[in-house]
Chemist: 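Got a structure for you, written out below as structure tokens; questions coming shortly.
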Amino acid sequence: MSAPASAALALRKAIHQRLAADTALGALVAGAIHDVPPAGVPFPYVTLGEAVVSDWSTATEAGSEQALTLHVFSRQGGRAEAMALCAAVQEALHEAPLALDGHRLANLRATTAEVRRDGDGRTFHGFVRFRAVTEAL
């Protein structure tokens, strides 16, 4: 059996690859998809955010449930671009058949999305949340 954290790492890798290959999202962010954005990164961009991993393994099966948050950032002067980025991320990942190293993705579903204005007053920050269930191979 593998640890739930290894499933989380495998899922993050597959999500990053999927987002980087998505042409609709790519048209919006020009490939700016980061785990941690570099200093001075231009807007807009997407980051892979928090993951809460829960083990649901039984005596005979190993698996985990993951609650993931992806973040989008825009400074276009309104919520429209951030909302479009949230929609593009959901379209790219909702029910996507991702291949994970050492694990099987049972499902990946978008659960919520919201856009807020950050404290600087200029940045619109979108939160796109997903639920994933994985099984060890």
Side-chain angles (χ1 to χ4, degrees):
M1 289 190 191
S2 62
S6 70
L9 287 171
L11 181 60
R12 290 176 75 86
K13 179 180 174 185
I15 284 174
H16 190 276
Q17 290 172 340
R18 177 67 175 230
L19 294 176
D22 189 84
T23 55
L25 181 62
L28 296 171
V29 298
I33 300 161
H34 308 284
D35 189 8
V36 176
V41 65
F43 290 82
Y45 60 91
V46 176
T47 65
L48 282 65
E50 304 78 16
V52 177
V53 183
S54 303
D55 184 6
W56 61 256
S57 299
T58 66
T60 58
E61 297 179 71
S64 65
E65 177 179 329
Q66 301 177 42
L68 309 165
T69 303
L70 279 71
H71 301 267
V72 305
F73 296 91
S74 169
R75 281 192 177 164
Q76 198 178 50
R79 288 177 171 76
E81 183 178 58
M83 293 174 79
L85 290 167
C86 288
V89 168
Q90 286 181 323
E91 288 291 324
L93 296 176
H94 185 75
E95 300 286 348
L98 304 179
L100 309 183
D101 295 335
H103 303 271
R104 185 182 82 78
L105 180 61
N107 68 46
L108 175 62
R109 295 193 173 146
T111 58
T112 64
E114 67 178 286
V115 173
R116 302 180 194 164
R117 185 184 295 203
D118 277 353
D120 65 5
R122 300 174 43 211
T123 305
F124 289 89
H125 181 172
F127 301 78
V128 187
R129 294 181 179 91
F130 291 88
R131 176 185 175 268
V133 176
T134 61
E135 300 169 334
L137 294 178

Chemist: In chain order, what residues pass the side-chain contact (heavy atoms from CB on, under 4.5 Å) check against P42, with sequence neighbours excluded?
Modeler: none

Chemist: Testing the basics here: between G126 and C86, what is the closest heavy-atom pair and its distance to 0.1 Å?
Modeler: CA-SG, 3.8 Å

Chemist: Could you pull out all residues at least two apart from D101 that satisfy salt bridge (Lys or Arg N to Asp or Glu O under 4.0 Å)?
Modeler: K13

Chemist: Kindly give the heavy-atom pair with the smallest separation between H94 and R109, and that separation in Å.
Modeler: ND1-CA, 3.5 Å

Chemist: Please identify each residue that fulfils side-chain contact (heavy atoms from CB on, under 4.5 Å) with E114, with sequence neighbours left out.
Modeler: R116, F127, R129

Chemist: In the hydrophobic cluster built from side-chain contacts under 4.5 Å, what are the other members alongside L68?
Modeler: L11, I15, L19, L25, L28, V29, I33, V46, L48, L70, V72, L85, V89, L93, L98, L100, L105, L108, V128, F130

Chemist: Can you name the closest pair of heavy atoms from R12 and G49 and give their distance?
Modeler: NH1-O, 2.7 Å

Chemist: Should side-chain heavy atoms under 4.5 Å link Ile, Leu, Val, Met, Phe, Trp and Tyr, which residues sit in the same cluster as V133?
Modeler: W56

Chemist: With side chains defined as the heavy atoms from C-beta onward, is the minimum distance between S6 and H103 less than 4.5 Å?
Modeler: yes

Chemist: Might you point out which heavy atoms bring P44 and E81 nearest each other, and give the distance in Å?
Modeler: CG-OE2, 3.6 Å

Chemist: Taking the six-membered ring for Trp, are H34 and Y45 parallel (under 30°), tilted (30 to 60°) or perpendicular (over 60°)?
Modeler: perpendicular

Chemist: Considering non-hydrogen atoms only, spot the tightest contact between R18 and A92 and give its length.
Modeler: NE-O, 3.1 Å

Chemist: Taking the ring centre of each residue, are F73 and F43 less than 6.0 Å apart?
Modeler: no

Chemist: Ignoring hydrogens, what is the shortest heavy-atom contact between A62 and S57? Give both atom names and the distance.
Modeler: CA-OG, 3.2 Å

Chemist: Using the test salt bridge (Lys or Arg N to Asp or Glu O under 4.0 Å), find all partners of E135 that sit at least two apart in sequence or belong to another chain.
Modeler: R104

Chemist: Any side-chain heavy atom of H125 within less than 4.5 Å of one from R117?
Modeler: no

